[in-house]
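Any value given below was found using the heavy atoms of this structure, including those in side chains, with hydrogens, waters and symmetry copies removed. All values reported here derive from a predicted model rather than from experimental measurement.
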Amino acid sequence: MAFTKMQGAGNDYIYIDNRNEVVKNPAELSPKISDRHFGVGSDGLVLICSSDKADIRMRMFNPDGSESEMCGNASRCVARFAWERFFQKEKDEFDLETGAGIKHIVIHHNGKNFQSATIDMGAPILEPEQIPVAAPTNRIRIDGREFTCVSMGNPHAVTFVDSVQTAPVLTKGPAYEMDKAFPRKANIEFVEVLSPTHAKMRVWERGTGETLACGTGSCATLVACVLNGKTEREINLELLGGTLHIEWREDNSHVMMTGPAEFVFEGTFDE
């Protein structure tokens, strides 16, 4: 089957146009095609599908075969893919159906050259039972460390550190992801605040491990920063794979994410 590899801020996925290539069992295909030694190598598999609710639909699968509700960086890549291949660069705004609802997309370009995409990620969810987190509030402690829990359609737990370079992402991330406080597991963000408009973040992604970037995690990070009085409502967030611009709007509480989306290569894979 034909595939396209794309990356957004280093968060790389394999994209398959599911309108043309029918993937019978994506939960089985994702671990095979995502394997960095025996497959193509990626942070997961994304199917680009037709939609009866929006202009296009995406389904995202982690390297362990589990399906995730949403991925912000993958959404931007789907947006660029659709803008160039489905809409022939003639439609700059459109809607994307995800497991976390309909997301509105704006393409920024210079003439016919893609520059970036802005995704309206919607309002964050802070109610514990909806995140979900098994606690009376969205503020919890695990092994003495404080977390602010936020859902951007998928569960996140944000903790603040003195330095992301020395943060225990690899040593503690797996245990935090699987902690009993998270009924559906959680993505874990380690955040270093540099100024009211600038922060750094590393992420341990649910079902994947450490990745170079996480779009929904970046949005959850800003929300946690604001709730804890760490930053303003608009920041540049520095990730291992690049920088995203995140804004949490006061008028409608929606989080806006702007960042890159790049084609890497194309090929075929024998399922």
Between CE on residue M256 and CD1 on residue I119, distance to nearest 0.5 Å =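 One finds 8.5 Å between CE of M256 and CD1 of I119.
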Atom pair OG (S163) and CD (E192), whose distance is rounded to the nearest 0.5 Å |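 CD of E192 is found 5.0 Å from OG of S163.
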Pair D12 + R36: basic N to acidic O under 4.0 Å | yes
N-O pairing of E69 and R206 below 4.0 Å = yes
Shared hydrophobic cluster, [X] / [Y] (ILVMFWY, side-chain heavy atoms < 4.5 Å):
X    : Y    : value
I235 : V193 : yes
I105 : Y15  : yes
F94  : F81  : yes
I140 : F160 : no
I188 : V164 : yes

Looking at H109 versus W83, is the centre-to-centre ring distance below 6.0 Å?
->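 Under 6.0 Å, so yes.
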We want to know whether [X] and [Y] form a side-chain donor-acceptor pair, criterion being a heavy-atom distance below 3.5 angstrom.
X    : Y    : answer
N73  : R76  : yes
H254 : E247 : no
E238 : T243 : no
S34  : D43  : no
N228 : R139 : yes
N154 : T216 : yes

Would a 4.5 Å heavy-atom cut-off, applied to side chains only, mark [X] and [Y] as touching?
X    : Y    : value
L222 : L237 : no
N236 : I246 : no
Q165 : K200 : no
W248 : C225 : no
S66  : R184 : no
C149 : H156 : no

State which residue, out of V46, L47, V22, fulfils the side chain to side chain contact (heavy atoms under 4.5 Å, CB included) condition with I16.
->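 That would be L47.
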Measure from the side-chain N and O atoms of S30 to the backbone N and O of N62, and report whether any donor-acceptor pair falls under 3.5 Å.
->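 Indeed, once roles are kept as given, a pair shorter than 3.5 Å links the two residues.
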For residues 258-266, please give each side-chain donor-acceptor pair under 3.5 Å, one per line with the distance, not counting sequence neighbours.
residue	atom	partner	partner atom	Å
T258	OG1	T118	OG1	2.6
E262	OE1	R80	NH1	3.3
E266	OE2	T4	OG1	2.9
E266	OE2	R85	NH1	2.7
E266	OE2	R85	NH2	3.2

How would you list, by chain and number, every residue that makes a side-chain hydrogen bond (donor to acceptor under 3.5 Å, both in side chains) with N138, sequence neighbours excluded?
-> none
Evaluation steps, side-chain hydrogen bond (donor to acceptor under 3.5 Å, both in side chains), between W204 and E177 | CA-CA 8 Å; W204 179 270; E177 173 198 354; 2.9 Å; yes
Is there a side chain to side chain contact (heavy atoms under 4.5 Å, CB included) between M152 and V255 once you walk through the steps?
-> CA-CA 9 Å; M152 292 301 308; V255 182; 4.0 Å; yes
Cationic tip of K5 above Y13 ring, under 6.0 Å, 45° of axis = no
Checking R19 against F86: charged group under 6.0 Å from the ring centre and within 45 degrees of the axis?
-> yes
Applying salt bridge (Lys or Arg N to Asp or Glu O under 4.0 Å), run through D270 and K32 and close with a yes or a no.
-> CA-CA 10 Å; D270 186 358; K32 295 178 184 177; over 6 Å; no
Evaluation steps, side chain to side chain contact (heavy atoms under 4.5 Å, CB included), between L239 and L244 | CA-CA 8 Å; L239 309 165; L244 298 178; 3.7 Å; yes
Of all the heavy-atom pairs spanning N11 and C71, show the shortest one and how long it is.
->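 For N11 and C71, the tightest heavy-atom pair comes out as OD1-SG, 3.9 Å.
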Exercise answer: donor-acceptor pairs, residues 53-61 side-chain atoms, under 3.5 Å, sequence neighbours excluded:
residue	atom	partner	partner atom	Å
D55	OD1	K91	NZ	2.6
D55	OD2	D95	N	2.8
R59	NE	E67	OE2	3.0
R59	NH2	E67	OE1	3.0

